[in-house]
Structures are given as structure tokens and as C-alpha cells.
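In what follows, chains are A, B, ... by sequence order, proteins preceding strands, each numbered from 1.
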Amino acid sequence: MEVKLLTRNFDRPESWTLDAYEKAGGYRAWKTAFALEPEALIQLVKDSGLRGRGGAGFPTGLKWSFVPKESSSPKYLCVNADESEPGTFKDRYLLEKDPHAVIEGILICCWAVGIHHAYIYVRGEFGLPLFRLRDAVREAYAKGYLGHDVDGHGFDLEVTVHRGGGAYICGEETGLIESLEGKKGQPRIKPPFPAVKGAFGGPTVVNNVETITTLPWIVEHGAAEYRKFGTEKSPGTKLFSVSGHVVRPGVYEIPLGLPCKELVYDLCGGISGGRTMKANIPGGSSVPVLTGAEAEAVNLDYESLAAAGTMLGSGGMIVLDDETCMVWTLAVLEKFYAHESCGQCTPCREGTGWLRDLVYRLEAGGGKSCDLETILSITRNMMGTTICVLADAAAMPAASFVQKFRGEFEAHVGAGHCPMRRRPAHFLTAAH
Amino acid sequence: MAEVTIQIDGREVTVDAGMNLIEAARRLGIMIPHFCYHPGLGVDGNCRMCLVEIEGQPKPAIACNTFARDLKTKDGVRPVHTVSPKVKEWQRAVLEFLFLNHPLDCPICDQSGECFLQDYYMANGQYVSRLDTPKLHKRKVVDIGPRVKLDAERCVLCGRCVRFCDAVTGTGELSIVNRGNRSEITSFPGLPLANDYSLNTVDICPVGALTGSEFRFRKRVWLLSSTQSICTGCARGCNIYLEHAEGLAYRYRPRENMEVNTYWMCDAGRQTFQPLNEERLEVPEERGKEIPIFEALTRAAQWVNEATGFTGGATEGGRFAGGSVTGGNSAGGNSAGGLSGCAAGGERDGSRVLVILSPVSSQETLFAAKRFAAEILGGAGVAGIGTRPPGVEDKILRKADPYPNTAGLALLGLARDPEPELAKGGRLLVIVEDDPLGERQRPAWMQHLAGWERVIYLGVNRNATSAAAHLALPVTPHSECDGTYVNFQERLQRFRKAITPRGDALWAPELFRRIAVAADPGIHAGRPFGWLSFNALWKDLAASEPAFAGTEVAKLGGVGQTLVTRAAGSAIDGVGDAAGGPAPREA
Amino acid sequence: MQPFATPAEDPALREACRLESMGGPVAFSAAGQAELERLFTRYPTREAVVVPALWIAQREFGWISAEVITLVSGLCGVAPSHVYGVVSFYTMFHRRPRGRIHLQLCTNLSCQLRGAEHVLNCLREKLGIELGGTTADGLFSLDEVECLAACELAPVLQVTETRRAENDSLVGPLDGEAARILIDELRVQAEASPAPVASVGPVADSAHRCPGVPGDMPTNMSSGGVRGVTSGGPGRASSGGAH
Ligand SMILES: Cc1cc2nc3c(=O)[nH]c(=O)nc-3n(C[C@H](O)[C@H](O)[C@H](O)COP(=O)(O)O)c2cc1C
Ligand code: SF4
Ligand code: SF4
Ligand code: SF4
Ligand code: FES
Ligand code: FES
């Protein structure tokens, strides 16, 4: 079952233009929002049960309420469009196909929190999403939806599109803020939290593109209506980016709580080549992997996935078929984390490289049987000991792969080579 | 700020609510291992070495970014553990991560012995066994600046050096480039780490990644002893550790004093220890020829007597004349002397004698010289000002005044231009320390030197002045005696004897006493001249110099104390205010 | 055992701290300068403009040299070493000249699952260069990138014209044959217009229909994968698509 809240405009011709957005009823929700007191608006978002879609799932209304009402330094909104979690591409769709919905969401958030400058931090690799967003912002300024005295409501709002330089860690909220300030995107220690002291020293809200884009719909239709989708604790809809070995990879908007089976087999057309699902990484590469059987039994909402020992994360689902080598898969992932660790915290900087080297060695056939224990112990030592959770993000896949597919790892050690792959991957022979 | 009583490892301590756990633990003598936190650079939170366990909190917390107030909850204050099995395991894990790519350089590493990594590793057991992946290689022995060498493989990327150049000097030469385990400290091409404080990065680098090019490999650090001292490079008087071995000074390291130098010192100041080792005047010299100390003392005494017209003392040949003693109150005696044959001492006339002092001398030397001039030199004139060219002042520590005790000289009322008296010429000129004839000094007034019959020099080094003097007597520098200086803030600061005096060098007050005794054996009885100890001298000094009234030198402690009880009005230009209130202090 | 190259053997690492020179001071064009001035009004600090300024620089100069860093450092009031740190932190700033067309192949998981490795081998062979290399004619540089947030197009290649910095186009799903055809097409286009190549195709959507035909499928790639879809074009890619 698919629903169309966030994706309602995707099929409209030139959906990214102001014209198309307005024709579809756009830029009305924020007028409703402006009619509300900021507190009431925050309450509405709290009532809707909307949770952050960037990965952590933190209740959005609650996050906003942490921002002090009065502040001597300016408050900021940072829209997180850094979308870099492997397997996630939903924000790209939103920016490409409905950038005005993002802008309207920004208006709503800024009114609620009393913010007069929003930055949209777009990952450096994005081309078209960036252009579409820039054009949309330009159009919105020209139409008076942004800038001084927005649409005659006496509210000023500046929106600046900021292009990053290419670093996964800039998706982490404080890494994003550092990066926005012109520095290396190295996450900050918390406390202080961004809501108290964030960008340029001011209280700052960081929200994911999808979170922001959900706002106009909620304001227009009300919290109760939004809660009709999803489950009690995970209300609403969520965009899932499905990739890997499925027949129809793509972005799917589903009500939270939908059985994973339905998404994989019905919406995505099942496993390609008629093979079976060996494993499923449900929430972006950083969450613990599920075996095919586990995935078939789970529902896609925050609580069910947590109960299954994994996370909803960003909703970037990667499906692996039965011909996939799990050691090789983990090697690809650990290559990523070692490449992306910002390098400040000792356990992450060293641990990511160490994990990668060990898994490379296993995949290349040079592993030792004690390596599996070493990997598990490294992951334990990395988790919960660092500034941001990239260390956990690198450790969780490693731990879950070894735990759930231990036989495959042992087979590599026993055989002295990868039993499943014929060709060596370039990253095992070339250096990193 | 409010105070909180917290519990660390079962012991209670009451601290400021805003104090972090590393500092709070330090109060209890508990050392929480850490790399990146430095009290002078603040919290960065990257090394994760300081993980501690807080009861009721499942995850480890970093002690550097946990403040006493954070421990307060509704139901009380959460106890902290720094040595629990969990903490030990976390620490072991962090160390293991650090060793993953750390070269096994200890045997050839200059940091060995003062390396945090080595210390923590020793305290935590050995576990390199499972580190069997190839180590990353980075640059080694890079001249990152004229005075500092970098070994990037040893770097633990704590960022202290980077933060120092950003926050303290504002020069920003260093940066960590690349990311992940490829991260590396570097400077920008053409902009080396050359700021005036660059060697502080060597001090704060917790490992052997940054080493001083000059000190490198000169001495194993565990062979060095450390003594509290004061830098004599300028009027700031940075608090330092003087590190020495086998009678040689090896280096200066800054010592914390929040009122004076915080945690730092300048590079130039560090180099000022060289005269402690080199070109020392070890043995007295008469016109460039070494002579035994007893002979030198006798000669000096004889010249003193001749110049002051005193005939009751020593005679040529080193014999003491007469043994009879009177209670001759020669101090300040100004009446015409020359009572020939008066074995009882008699009056001295100091009108043809002059003593030139310098702010290079300790407070004790200045005071002793002042007394010597008054009592033994028959009220001879005493004057002195610094003649070194001023240095460059900056906004961090360095003062333009290149002397450690300008304020001390002024507070004794001795800071004045000696020219008028020097120009008159006379029988005996005593120059105490400094080197007015030195190449870079040579005040115009030294041209009058020729008008003096005899010149005695008391100094630490062989230099132009010692060469020109008729008699040069060795005294101890601040490494070889106890003493004090008064810095530009009028803060009295103590340095301590680190090294046994070289050769015949004597503590200057002691040298004055010996000359006095040689000049007038009768002095032992009656009113004696001189002090048998540092403390005795200070008792006298505090009692007789208004500016130092009430000073209890034994209570100075390591960080010194501002002179508040001194006479109204400052003797130092630009320091005191006209109203005579306390001198403005530097923030 | 297969050869296992250690990270330590990477010669690039030892050069990790190298910056190249352009031979002399550089300056922004009037347009670049004007853009910069406008940017300064959009942020509360000058430092925040460092990354946008580097983007302008890369567009104008093609890559980031020591001189460019000095320039940006002066304009933004940030120590050169820190600008250098920033340049080295982000993957999109080139510290040495790159070819006119920058090919970045995603080698993250979803693309690997669908045959990125095979595409990579075909590209290496077709171009005669290794990862990180540039063709002798200076036309192409080939690099790998991490997930481009276009996994539905896996395996996906980002094609960028270095001097234009902002015409990145995604091409996918690729296979070996498609990759070869793409290179030929790009070469023809480039030779036809010595000025910067206009673009890989009309920039109507971030992805371009793959020019290839189903051909050699690597073992790990599902034969049933949907080919030729784009994120906005016909075919099943979004929830709004036909199915
Ligand atoms: C390593 C790392 C990468 C992240 N990347 C992203 C990202 O690309 N996009 C995103 O929206 N959030 C990302 N996050 C989550 C953000 O830190 C933050 O939780 C989120 O932007 C908050 O917005 P939300 O409450 O609307 O989800 C990342 C977090 C971590 C630790
Ligand atoms: S956990 Fe990793 S990515 Fe996050 S701040 Fe630490 S080193 Fe950087
Ligand atoms: S060189 Fe020393 S002070 Fe600087 S980051 Fe490395 S370990 Fe820390
Ligand atoms: S500032 Fe002055 S006292 Fe301090 S180290 Fe430098 S020269 Fe010595
Ligand atoms: S001292 Fe606390 S993290 Fe480094
Ligand atoms: S894995 Fe290649 S685009 Fe996501």
C-alpha cells in the first residue's frame, strides 16, 4: 500500500515550478500556520507525532520546543539536505520534484520557532536537486514568499542554499553546522546542543528535508488526519528508498508499520532474477542487518524495527539476494566508513580503518579465525565512546554481519579465499 | 559560582559547579588520563582517553566535558568512577586504538619518559598482540618550523598544537588536514610554525610528535631534574621549571602561574638559559689572569679599604692587620676617613667610590649591594638602570623591558642614571652583574670608565666588562642560588637553587660579606655585616625597605605575590599611579 | 591468497600533505568576485564563505592550488592552513588538475550489488587509465565516489565538467557496454565543442537514460533489474511512477 502525502505532487508536470506547486494548492498551508500562535503550531506538530526523518527519529515538535523563545543571538534553521547515508535517496527526490514544498515547510518551521534565516545544506555532489532548489528559492523570493515581510505578514525570512564540499559526516547535525560555518565538518561535543548553541553561536534547529517537507501537509490537514497513517507510536508516512536486488528499486511512500514483505515483494516487485532475499539492511547502511527471514517478519516502523534489533534510520533499504557474499558486502561498507570518519575521535578514526583492514583481509582470504572475535570486540569498543554516532554506524553493521552470517566469515578463513566471488574487487587489490 | 560537592572514587570534594571532572579529580590527587584537554586550551573532547563511569548512566562520559553541575540530579549527585573495571576496559580500548598506527619508536623517541601515551600504556598493561594489520605511514622528522620538528606518525591528533596557534598566538600556522586515519598535522607551504611562542606546542604535545629541534636527543628526560625558577628574559618573569642534569641547565619549561604567564613562555625566553652553561666566569680573574679566590677577596678588600681611606683592614699580601675590634659604626659613616694606622676600623669615605647595579640582579643582590655600599664602601653612590636595548613587546607575554628585576631595583630607590657620578671619576668602581660594556649595550656613560683607578666586576659570565675590569669575581646566576625578582606587575617571585655553584662562584650577598670580612676583620663582633642565609637577608630586607615591609618570603609559594604594602607612589615610571594607590595590575 | 594491498603502501598517502602550485598568484574574475561579495551578505561571518568561495575557485581555475588557498584565505580572513584543512577534508575539491570531464563512479553498496565493479573495469579498459588517473589527452579523469544518493540508478556514474562544476549529471543504470558507448558519446561531444561541453544531455532530470543496451552482466548483478530508468522520467522510479 502506498500513500501520497509527500509524494502527492511528484507526477505533476514540471512539479518543481512555483506555478505547478501553487496550482496543486501549494503555499496555502503556511498561511494557516501564520494564523496560529507559534506555540500552538509547535503543539500541532507535537500532536501529529512527527518524528525526524533524518535517521534519529527524534520527535520534531519536541526538538523545536527546546529552542529558547528569546535569544540574544539570531536563531537559525538548517535544513539537512546532505543525504549521504548509503542506500538513501529520498531527499533527492523531494528537492528535485517538490522544492517548493521544502520551502513552505521552512516557512512553517521558522514561524513556529521564531527564526529569520534558514540555510539549506545541500550535499556537494548534488547537481539537479541543487539547481531545482535554487530556482525554487529564487521564484519564492520573487513572489514574496521569502525575504522581507513575507506575503505581508510582517515576518522576515531569508533562505540561503548552501552547497557542501562532499563529506558524509556533514549530515550529522553538528558536523553540518561546523561545515556551514566554513570549517571542516567535524561534529561538536554535546552539550551544548544545537537548540541552545548551534550555527554561528545561535540556537539552531536542524531538520531533515523529509521532516520539513511533511509540515505543510500536517498543517493543512491537521494532526489527527496525519495520525490516521502509520501506527500509534510511529504515526504518518515515510519515504523508503529501496535499492539493491529488487526488481523495481526506487522511492516509495508508505504508512509506517507496513510489513516489510509488502514493500519488498509487492511494491518493489520482489527479488530480481527470481532469487531469494538473503539479507536486508532496512534503514540505510548504518543499521544492523536483518536476515531475509527476519526482514520478512518485520513491520516498517520505529518500534518494530527496534524490536527486531535494527533501526528505521533514514529508510534507505538495501536488499541483498542469496548470491551475495556477506563478507564482501561488509568490506564495501567498511571502506565507506573508514573513508568518511572525520578523524577526531580516537575510537572512530582508528576503529573504522581497523575494521576495514580486517574485513578486507578476510575477504581477500588472508583472515585468521581470531579476526572475528577481534571485529566484535572492536565494535564494542567503538560504540558509545565517540563524539558522534558515526562510530556506531560503522560498528553496528560489522557486529551484525559477523553475528548473523558467522558461517560465511568462517568459510572465508577456512577456504583462504572468498567462496562466492570470482573476481577480486578493485578496492582489495588497489590501496586506499 | 555555586559550589557542588561531588564524589569521585568514593571520595568527596567540593568544587565550582562549572569545574570539569579532570580538574575536580586533580584536587583529590586523582589523575584522569587525557590527551586533548588542556586547562589553557579548553575542552575539545576528541581523544576519548578521559572516559569515566557515572553511576546511573549506561554510556561512558568524557570527564573533560562533564562538569560538576552535570552530576546533579533530582535524587542527589551521581558518583563518578575513574578506576572501575569498566573504566579500565574503556581506557585499554582507547589506548589500543591509539597504538594501532603508532610506530614503536619509544627507544628512539625523545618524548620517552614524559609521554602520556607511554605512561598510560604502562599503567594499563600490554596488549599489542592483536594489532597485526599493517601500520599507516606518515611523515617523519619534518621541520614544521625553525625550532620544532614533527613526526606525524607519533601524533595522536589531539589538536592541542593547532588550538594553541589559534587561541593563544592567533597565528594559525597549524591545521589537521585530510580526514579519518589519514589525518595529519601540517602547516601551509611557506608559513612554518615560526611564531614567538612555537615551543609551547612542544610542551603541550602529549607525545613525541612535536619535539624541540634544539633539545632533541640532547638528554633523556628522566635524567633531568626540575627546579622552580623564573625566566630572566624580560620583565614578565614567566614562571618556569629549570631542568638540569650534572650541573648543566638543559631547558626551561613554563610553569603554571595564572597571574603571570598562565601556562606559557616565549621562545626567546627559553633560549636565555645558555649563559648559565657557557662562557662562565668560574674563577676570579685579575686583568684577565685567573687567581685563587682567597687572593681575589683580599685584593678586593684591600682596594675597598684604599678607596675608602680605611686602613684598619687588610693589607697587601693578604695578611689581616690587627685583631682589636671596636664597635665601629661604619654604616653610613661619611666623615673623612683615612685614619691612618687606625686598627679599630675607623670611618670610611665613599665619596670616590661608585657601585653600578643592574636590574639583571636578584632582589637579594641589589639589597646586599646597597648595604655594602652604605656600610663597607663608606656611603658610596649606588645607581643603576638597564642598558640592554629594549625587546619587542607583544600582547601575549613579552615585555619590552629585557630585565627580570627592573621593578625591584626601582623599589629599592636605586634606579637612576649613574652618569653624573661616573663622569667625576674616582678610585673604585664596582659593577655588579650585567655587561654594560657588552656589544649591544654600551651606554654612552661607559666612556667615563677610564677616569676610574680600579674597577671590580661581579658577574656570572666572562664578557666585555669582565675583561675590562681590574678584578672580576664570579657570582652565582639564578640557577645556582635561591632568590627573588620583582616583575613588571610588582609581583615578587621566587626562584630556587637548582645547581651547585660553578667553580668559585658565590652568592653575591655572600661575596659582599666575604669582602667585608676581609676588609675589616673587626666586623665579626659588634655590628656584623652580612647575612648567613637567604631567610636572614630577607628578614633584614623586609624590615628596612619600606616597599617590602611585611613581606614574608617563606610564604611566597610557587606563584609569588604582589607587593601591596609598599610605600605610596611607585618608583617605576608608568606603573604606579599618581595618587599613590596600588599600581594597576595587568589582567 | 589474493594480493592484499595495505593502506600503508599507498604512495598517495605520503603525498597526503602536498599542495601543488599554479606558478603564481591568482585572482577571481569580476563575475566571481561579484558573486563572492553577494555571498558575504548571506552569512554572519566571512569564514562561512570559505566553501562557497572554493566552489567559485574550482569553477574558475579548475582545481585548488596553494595560490587559490592563499586567495580564499585572504578574502575570508581565515588562516591559510585552515583553508587547506577545509580543502583536504572535502572530497569534491581537487588538489591537482583534473581532466576536462570528471567521471565519478559510485562504488558503494547498492551500486556494487548491481555491477559497479564490472563497469569500473570496463571504464578503466576503455579509457586506459586507473582510478585517480587522467587520460593522456586530458579529456577524462576517473575517480570512485561513495553513495551518490542515486542508488535506484545503480550502478551510477556522475559526469561533471570540471570547469563548470555545476552541471553534474547522473548516468545509470550502467553496464559495461553502456559505459563504453557513453565514453564515445562524450568524446564526440567534446571534440565538437572545444569550449566546455554543454552537458551530457538536456538537464531535465538528474539522471540520463543510459545509452547502452543490456549486455554483459557481471555475476553479482540481477538480470531482472530495471534498466534505463531515471529518477524523473518514465519507468518505475518513484512512488508516482507507473506500476
Ligand atoms: C554520521 C551521520 C550522518 C548523518 N547524515 C544525515 C543526512 O545525510 N541527512 C539527514 O537528514 N540526517 C543525517 N543525520 C542525522 C542528523 O544528525 C540529524 O539527526 C538530523 O538531521 C535531524 O533531523 P530530523 O530530526 O529531522 O531527522 C546523520 C547523522 C549521523 C550521525
Ligand atoms: S565519531 Fe567519527 S565521525 Fe564522529 S566525530 Fe568522532 S571521529 Fe568524527
Ligand atoms: S602534534 Fe602533538 S599536540 Fe599536535 S595534534 Fe599531534 S599529538 Fe596533539
Ligand atoms: S615573556 Fe619574558 S619572562 Fe616570559 S619567557 Fe619570554 S622572555 Fe621569559
Ligand atoms: S581529554 Fe576528554 S576527550 Fe580528550
Ligand atoms: S550506492 Fe551508488 S548511488 Fe547509492
Side-chain angles (χ1 to χ4, degrees), chain A residues 2 7 10-11 83-84 86-89 92-93 96-97 124-125 127-129 160 163 165-168 180-185 200 241 243-245 247-253 272-273 285 318 321 323-324 329 332-333 336 339 361 364-366 416-417 422 424-426 428-432, chain C residues 1-7 9-10 42 44-45 47-52 54-55 76 78 85-86 89-93 108-110 112-113 117 120 131 145-152 154 158 166-169 203 205-206 219-220 222-226 231-232 236-241 243:
Chain A
E2 270 188 279
T7 54
F10 278 22
D11 293 333
E83 190 160 63
S84 309
T88 314
F89 41 95
R92 186 179 116 242
Y93 273 68
E96 273 182 23
K97 292 179 183 300
E125 289 85 350
L128 189 67
T160 302
R163 187 186 196 190
Y168 169 59
L180 179 68
E181 290 182 1
K183 303 169 201 153
K184 296 185 279 184
F200 308 109
S241 325
S243 64
H245 297 139
V247 174
R248 287 188 295 272
V251 173
Y252 297 85
E253 182 173 14
S272 35
S285 69
I318 306 170
D321 72 14
E323 288 182 4
T324 313
T329 303
V332 175
L333 292 180
F336 170 75
H339 185 252
R361 191 165 75 183
H417 59 84
R422 273 147 249 143
H426 75 283
L428 296 177
T429 48
H432 275 262
Chain C
M1 182 187 150
Q2 289 165 348
F4 172 60
T6 70
E9 282 158 26
D10 183 353
R42 303 299 300 177
T45 65
E47 182 170 15
V49 180
V50 166
V51 170
L54 288 169
W55 275 120
C76 298
V78 179
V86 168
F89 190 84
Y90 297 105
T91 51
M92 300 199 69
F93 298 122
N108 208 302
L109 186 54
S110 299
Q112 286 280 5
L113 290 172
E117 196 66 35
L120 174 61
L131 274 177
V145 284
E146 298 301 348
C147 179
L148 287 165
C151 321
E152 83 281 23
Q158 177 136 314
E166 290 196 359
N167 70 338
D168 319 52
S169 312
V203 183
D205 246 307
S206 66
T219 47
N220 208 36
S222 351
S223 49
V226 177
S231 62
R236 167 69 241 192
S238 76
S239 60
H243 82 107

Can you give me the closest heavy-atom contact between Ser243(A) and Ser110(C), atom names plus distance?
OG-OG, 2.7 Å

Find the distance between CD1 (Ile318(A)) and SG (Cys151(C)) and round it off to the nearest 0.5 Å.
6.5 Å

Would you say Thr329(A) and Gln112(C) make side-chain contact, with heavy atoms under 4.5 Å?
no

Testing the basics here: between His339(A) and Thr91(C), what is the closest heavy-atom pair and its distance to 0.1 Å?
CE1-CG2, 3.7 Å

Can you name the closest pair of heavy atoms from Phe93(C) and Gly165(A) and give their distance?
CE1-CA, 4.0 Å

For a 4.5 angstrom cut-off between non-hydrogen side-chain atoms, does Val51(C) reach Arg163(A)?
no

Whatever's closer than 4.5 Å to a heavy atom in chain C on Phe336(A) counts as both

Using non-hydrogen atoms only, which part of Gln158(C) is less than 4.5 Å away from chain A: side chain, backbone, both, or neither?
side chain

With rounding to the nearest 0.5 Å, note down the distance linking CD in Glu152(C) to OH in Tyr93(A).
3.5 Å

Taking the side chain as C-beta and beyond, is there a heavy-atom pair between Val50(C) and Glu181(A) under 4.5 Å?
no

Rounded to the nearest 0.5 Å, how far apart are CG of Leu109(C) and CG of Leu333(A)?
5.0 Å

Give, for atom OH of Tyr90(C) and atom NZ of Lys184(A), the distance between the pair rounded to the nearest 0.5 Å.
9.5 Å

Against chain C, label Thr160(A) side chain, backbone, both or neither, depending on which of its atoms sit under 4.5 Å from a heavy atom there.
both

Check each atom of Ser241(A) against the heavy atoms of chain C and say whether the ones under 4.5 Å are side chain, backbone, both or neither.
neither

Of all heavy-atom pairs linking Ala149(C) and Arg92(A), the shortest is O-NH1, 2.6 Å

Distance in Å, Phe89(A) CZ paired with Leu148(C) CG, rounded so as to fall on 0.5 Å steps:
12.5 Å

Nearest 0.5 Å, please: how far is OH in Tyr168(A) from CG in Asn108(C)?
10.0 Å

